[in-house]
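Below you'll find the structure, written out as structure tokens, and then a few comments.
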Amino acid sequence: MCNGIRIVATGLDVPEKIMSSEDFEKIVETSDEWIRTRTGIKNRHFLCAGETHLDMAMRAALKAIDSAGIDRQQIGTVLVATFASDQYVPSCAALLQERLGLSEDVLAYDLNAACSGFMFGLESVRGILSVSEKPYALLVGAEALSRRLDMTDRSTCILFGDGAGAAIVEKSDRPAVISCRTRGDITKILVDRYVHMDGQGVYKFAVKEVPKLIEEVLAKAGVSADEVDHFICHQANARILQSVAKSLDQPMEKFYQNLQEFGNTSAASVPIVMAQMNDLGLLKRGERVVLAGFGAGLTWSVATFLW
Ligand code: ACO
């Protein structure tokens, strides 16, 4: 499928409360040094009691809509990628429809593809936009992960943070290549009440499969890794990013990192990186971007298009 998409505008939101690695030293047997050298993470943002997943999604969405400068009644689709929201039903997307004052003829639903959720959402939006009467889709990745952490499990609780990233997406003539992969596997990551993870298993999966899929997608797009300006990747571990860069023979400067400040925000991770880069003026129209994510499912996904 070669229908194109264009990201018109972006927005992000994280809670004010910061949990530093030093804060975790008081909760579990760990150290700032262990966390920094194994993962690259320093801080993450956690919701306080009374703050909601919907609040973050709403603020990120509003920033994207305001920055796009569009009439919000032209939004025909609202998708929220999430597995850690405050309630399963109603969906976060449905509540956004009401809070944003969108008309009732929007297609609004949540989707769960864990940390690959934003790219799975992008592929869904691409299909929907090709048949939609309205030109814009609002795509949000939002997670209240702090509420799914076992704070006695040092192998998981130090990794994750809360946040939301949003994008206004429209149809474009310029082609996009998006590939989404799924492998049912309950052994590496399982989220029931809490997140359980075989860290090393996920690590090995990511460093093997992510560069392979990036190469496949770039070959389909007919471009080389050297022609990519920015690799906007899921922020799980700095060593995974370094390994992907090495496999592709690309400099780390092309891999923007914010995991030191936000930790792993799952489905919010890629849109938060994108929105932060956009706010900093690092993304120029016409530049080639690659979006890449991986996580529970297992799922992994890569997209490439021109910014
Ligand atoms: N502080 C101190 N020691 C720790 C901590 C901690 N926070 N956590 C684990 N350890 C210990 C372990 O108990 C183990 O001790 P042992 O050797 O005495 O048994 C030792 O450190 C090494 O543990 P490993 O798990 O082998 O550590 P590793 O180097 O693999 O790093 C990590 C763990 C950071 C989780 C890494 O494997 C990783 O990043 N994996 C990828 C995770 C990921 O990408 N997840 C994304 C998907 S998440 C989703 O979809 C929801």
Side-chain angles (χ1 to χ4, degrees), residues 19-44 53 81-85 111-121 141-163 180-211 213 233-245 255 257-260 262-273 292-302:
M19 287 285 288
S20 69
S21 293
E22 285 85 359
D23 292 328
F24 278 92
E25 291 175 358
K26 296 170 204 144
I27 301 171
V28 285
E29 202 182 321
T30 190
S31 66
D32 170 54
E33 205 244 332
W34 191 96
I35 299 172
R36 201 166 12 86
T37 52
R38 296 287 176 129
T39 70
I41 298 166
K42 279 286 297 168
N43 295 318
R44 357 48 208 124
H53 172 271
T82 186
F83 73 85
S85 58
L111 71 97
N112 169 6
C115 308
S116 313
F118 189 81
M119 268 74 57
F120 275 56
E143 305 283 18
L145 270 161
S146 62
R147 292 173 180 163
R148 298 303 179 93
L149 298 177
D150 174 355
M151 294 302 268
T152 65
D153 177 6
R154 67 177 183 174
S155 68
T156 54
C157 70
I158 52 110
L159 298 172
F160 298 96
D162 299 334
C180 297
R181 298 287 161 92
T182 308
R183 181 189 302 161
D185 179 346
I186 208 166
T187 65
K188 292 194 180 54
I189 311 167
L190 168 69
V191 186
D192 43 28
R193 180 161 179 213
Y194 295 129
V195 176
H196 309 275
M197 188 169 66
D198 161 14
Q200 281 203 15
V202 179
Y203 189 98
K204 285 179 193 153
F205 153 73
V207 300
K208 180 173 171 220
E209 299 296 349
V210 174
L213 190 56
C233 294
H234 175 45
Q235 306 282 300
N237 187 314
R239 289 186 295 138
I240 294 178
L241 296 179
Q242 284 152 13
S243 173
V244 172
F255 290 71
Q257 281 185 55
N258 62 18
L259 55 83
Q260 60 280 8
F262 300 133
N264 179 345
T265 57
S266 193
S269 165
V270 166
I272 286 179
V273 176
F294 61 90
L298 297 168
T299 57
W300 65 114
S301 180
V302 172

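Whatever order the structure lists ligands and atoms in, that order sets their numbers, starting from 1.
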| request: Distance to 0.1 Å, residue and atom name: give those for the protein heavy atom nearest to atom 49 (C) of ligand 1. | output: Cys115 SG, 3.2 Å
| request: Identify the protein heavy atom lying closest to atom 6 (C) of ligand 1, giving its residue, its atom name and the separation to 0.1 Å. | output: Thr30 OG1, 3.3 Å
| field | Under 3.5 Å: donor-acceptor pair, side chain of Ser243, backbone of Val207 | value | no
| Atoms of ligand 1 close to Arg38 [distance to a heavy atom under 4.0 angstrom, numbered from 1] | 22 (C), 27 (O), 28 (P), 29 (O)
| Where the closest heavy atom to atom 41 (C) of ligand 1 is concerned, which of Cys157, Ala113, Gly199 has it? | Gly199
| field | Heavy-atom nearest neighbour in the protein, as seen from atom 47 (C) of ligand 1, with distance rounded to 0.1 Å | value | Ile189 CD1, 3.6 Å
| query | Just to confirm, does any protein heavy atom lie below 4.0 Å from atom 14 (C) of ligand 1? | reply | no
| query | Which ligand 1 atoms, with their elements, are less than 4.0 angstrom from a heavy-atom of Arg239? | reply | 29 (O), 31 (O)
| task | Starting from atom 25 (O) of ligand 1, locate the nearest protein heavy atom and write down its residue, its atom name and how far away it is, to 0.1 Å. | result | Gln200 CG, 4.2 Å
| said: Yes or no: does Phe160 have any heavy atom under 4.0 Å from an atom of ligand 1? | reply: yes
| Should Thr156 be listed as contacting ligand 1, given a heavy-atom distance under 4.0 Å as the test? | no
| request: Among all protein heavy atoms, pick out the one at the shortest distance from atom 43 (C) of ligand 1; state its residue, atom name and that distance to 0.1 Å. | output: Val202 CG1, 3.5 Å
| query | For atom 38 (C) of ligand 1, what is the nearest protein heavy atom, given as residue, atom name and distance? | reply | Asn237 ND2, 3.5 Å
| message | Show me which atoms of ligand 1 lie under 4.0 Å from any heavy atom of Asn264. | response | 46 (C), 48 (S)
| query | Considering only protein heavy atoms, which is closest to atom 10 (N) of ligand 1, and at what distance to one decimal place? | reply | Trp34 CZ2, 3.4 Å
| task | Assess Ser155 for proximity to ligand 1: is some non-hydrogen atom of it under 4.0 Å away? | result | yes
| remark: Test side-chain contact (heavy atoms from CB on, under 4.5 Å), reference Trp300, set Met119, His234, Glu209, output is Glu209
| query | Starting from atom 34 (C) of ligand 1, which protein heavy atom do you reach first, and at what distance in Å? | reply | Thr39 CG2, 3.5 Å
